[in-house]
Number of protein chains: 2
Amino acid sequence: MFVRIATERSPRPNSLRDFGMTCSSNTIVSLSEFTYKKGTEVYGEKEPAEYVYQVKVGAVRSYKLLTDGRRQIGAFHLPGDIFGLENDGAHRFTAEAIIDTTVHLIKRQSLEMVAKSDVMVAKNLFRMTTANLHHAEDHMLLLGRKTSLERVAAFLLEMDKRLTAAGVIALPMSRRDIADYLGLTLETVSRALSRLHELGVLGFVGNTQRQIVLQDRAKLASLDLQS
Amino acid sequence: MFVRIATERSPRPNSLRDFGMTCSSNTIVSLSEFTYKKGTEVYGEKEPAEYVYQVKVGAVRSYKLLTDGRRQIGAFHLPGDIFGLENDGAHRFTAEAIIDTTVHLIKRQSLEMVAKSDVMVAKNLFRMTTANLHHAEDHMLLLGRKTSLERVAAFLLEMDKRLTAAGVIALPMSRRDIADYLGLTLETVSRALSRLHELGVLGFVGNTQRQIVLQDRAKLASLDLQS
DNA sequence: CCTGGCGATTGATTTCAATCAACGAAAGAC
DNA sequence: GTCTTTCGTTGATTGAAATCAATCGCCAGG
């Protein structure tokens with residue numbers, strides 16, 4: 001679980017741009033790439049945070065478990081997303097590859113070193129933390145006060161914004177994952193999706209139930225109440 | 001609602017220490033004090049964030065509303081707590097005084113100016129945002145996956161840590177506030193507290209139900225599952 | 001090819017918390 | 001001080017989602 005064979009790549013790291021790295025601060029930062037097989041752990045809760053990750057291809061779930069196995073997924077990480085960024089030393093979630101996933105790894109220490117000298121990078125680390133906070137704040141409202149249909153509608157709208165290619169939402173995660181993200185059971189998620197299908201809000205592509213086309217975004221948005 | 005008559009105070013700001021202000025960076029920062037009457041708004045959601053606040057005495061609730069009135073309280077701010085800190089310009093919550101509350105106000109702009117030159121201050125702003133993030137992450141687990149009894153137990157343990165004076169938890173907020181923080185109804189909160197009373201976990205002080213003594217912290221902790 | 005397992009849907013039933021309702025006690029208003 | 005309102009508790013009932021259960025279809029593996 002803890003073995004990470006990081007393939008070193010040639011010079012000129014490129015995804016560091018996402019941290020706002022300027023041309024002047026071309027410090028050598030160890031940047032590598034790694035692929036996790038479907039279902040494998042990227043890191044565990046409370047483990048020391050050695051790396052920061054960026055999804056290249058694939059999808060990752062971040063979750064917390066209660067001792068009896070109840071699971072709450074805090075976020076899904078999709079291509080382009082940076083995750084595992086911890087201000088203090090330890091990870092707050094367990095992260096797992098939902099499907100085969102390739103990530104860029106940046107050594108946390110080296111990133112922090114760069115941040116010390118490069119104000120732009122430091123600012124962007126702050127911005128990312130703030131974005132995570134905003135997501136969590138919105139999600140508290142969803143988990144505390146929204147109905148099952150509202151939650152599923154909100155989920156679809158979020159995914160629509162984040163991973164639509166050619167008008168199709170290709171979900172990498174199972175109904176159980178969605179349920180654990182929304183604080184529901186998989187059956188309730190399934191029923192809500194069926195209901196939205198009946199209502200003409202969405203359609204399924206082909207014979208898989210993980211490819212969804214939104215047919216009425218306005219109606220979907222009206223089902224999720226605004227803050 | 002928007003009138004804020006800020007009483008300017010004499011030199012030598014003192015609560016700026018909580019931002020990690022060093023002696024060297026004794027820049028003049030406008031620091032004032034203001035009192036909000038019970039039930040009044042400190043700021044509204046989406047309002048531009050002009051000030052950062054620190055509770056001197058009293059208590060504040062931060063919440064989001066759905067259009068139909070459902071409310072989710074994201075946090076309670078108790079004496080010593082800093083709130084209203086926004087990285088970008090606008091507030092994410094509405095903040096209201098739960099009881100008469102006196103706050104220190106710091107102009108956001110001046111704080112940011114100090115942060116630019118004082119690394120210590122900047123670091124502390126980051127640390128505070130991270131602490132808020134951690135709280136929200138833990139609260140997602142509570143809202144998504146815990147039972148009513150577990151939520152109330154967790155709430156009591158949180159308050160015990162934060163505002164116990166002489167072994168008594170003097171709650172400033174109503175049952176409805178607690179309910180809206182925990183994603184429950186006030187009746188469910190009341191029943192859970194009664195149940196904990198029956199179980200000998202807590203007692204009520206005097207003839208008010210807002211003063212609680214924990215009589216069995218171990219049992220209470222066992223009722224709230226660990227992450 | 002068959003077979004076993006997983007994922008998803010759908011139906012039947014249960015359950016926990018919400019809702020509806022009544023009451024008593026404390027806090028504010030005048 | 002009295003009146004009114006708000007707050008909290010408790011009981012009865014309802015209801016939305018959870019749980020239990022069956023079935024179907026799709027892969028993956030032998």
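In what follows, chains carry the letters A, B, and so on, assigned in the order in which the sequence lines appear, proteins first and then strands, with residues in each chain numbered from 1. All values below come from the heavy atoms of this structure, side chains included, with hydrogens, waters and symmetry mates left out.
- Atom P of nucleotide C/dG7 and atom CG of A/Leu186 are separated by 10 Å, given to the nearest angstrom.
- Side-chain proximity of B/Ser194 to the nucleotides D/dT9, D/dC20, C/dA17 is greatest for D/dT9.
- Note: CZ (A/Arg210) to P (C/dG7) measures 7 Å, nearest angstrom.
- Within 4.0 Å of B/Gly206, counting heavy atoms only, lies no atom of the nucleic acid at all.
- B/Thr35 and B/Thr102 share a donor-acceptor pair across their side chains, judged by distance under 3.5 Å alone.
- Distance CG (A/Leu149) to C1' (D/dA16): 12 Å, rounded to an integer number of Å.
- Atom C1' of nucleotide D/dA17 and atom CG of A/Leu182 are separated by 13 Å, given to the nearest angstrom.
- For A/Gln209 and D/dC26, a side-chain-to-base donor-acceptor distance below 3.5 Å is absent, hydrogens and geometry of angles not being considered.
- Residue A/Thr185 is classed as a base contact, given a heavy-atom separation below 4.0 Å to a base.
- Checking the phosphate oxygens (OP1, OP2) of D/dC7, no side-chain nitrogen or oxygen of B/Ser174 falls inside 4.0 Å.
- Remark: the backbone N or O of A/Leu78 is paired with a side-chain donor or acceptor of A/Asp81 at under 3.5 angstrom.
- The NE2 atom of A/His197 sits 15 Å away from the C1' atom of C/dT10 (whole-angstrom rounding).
- As rounded to whole Å, 14 Å separates atom P of C/dC16 from atom CZ of B/Arg151.
- Using a cut-off of 4.0 Å between Lys/Arg side-chain N and Asp/Glu carboxylate O, B/Arg162 and B/Glu158 are scored as salt-bridged.
- With respect to B/Arg145 and A/Asp180, a salt bridge is recorded, a charged nitrogen being found less than 4.0 Å from a carboxylate O.
- At whole-Å resolution of the value, CG in B/Asp177 and C1' in D/dG8 are 13 Å apart.
- When distances are taken from the side chain of A/Ser190 to each of D/dT9, D/dA17, C/dT9, the shortest belongs to C/dT9.
- Within 4.0 Å (heavy atoms only), B/Thr208 reaches no atom of the nucleic acid at all.
- Rounded to whole angstrom, the span from the CG atom of A/Leu171 across to the P atom of C/dG7 amounts to 15 Å.
- A donor-acceptor contact under 3.5 Å is formed by the side chain of B/Arg191 with the base of D/dG11.
- Toward the 5' end of DNA chain D, the nearer of the two residues A/Asn207 and A/Val189, judged by each one's closest nucleotide, is A/Val189.
- You won't find any donor-acceptor pair under 3.5 Å spanning the side chain of B/Arg195 and the base of D/dT10, going by distance alone.
- Between B/Lys38 and B/Glu198, it is B/Lys38 whose nearest contact on DNA chain D lies nearer the 5' terminus.
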Problem - Pair B/Glu96-B/Arg61, salt bridge (Lys or Arg N to Asp or Glu O under 4.0 Å): steps then yes or no - result: CA-CA 5 Å; B/Glu96 268 175 16; B/Arg61 59 184 166 240; 2.7 Å; yes
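- Minimum atom distance to the side chain of A/Arg175 is reached by C/dA8, of the listed C/dA8, D/dT19, D/dA18.
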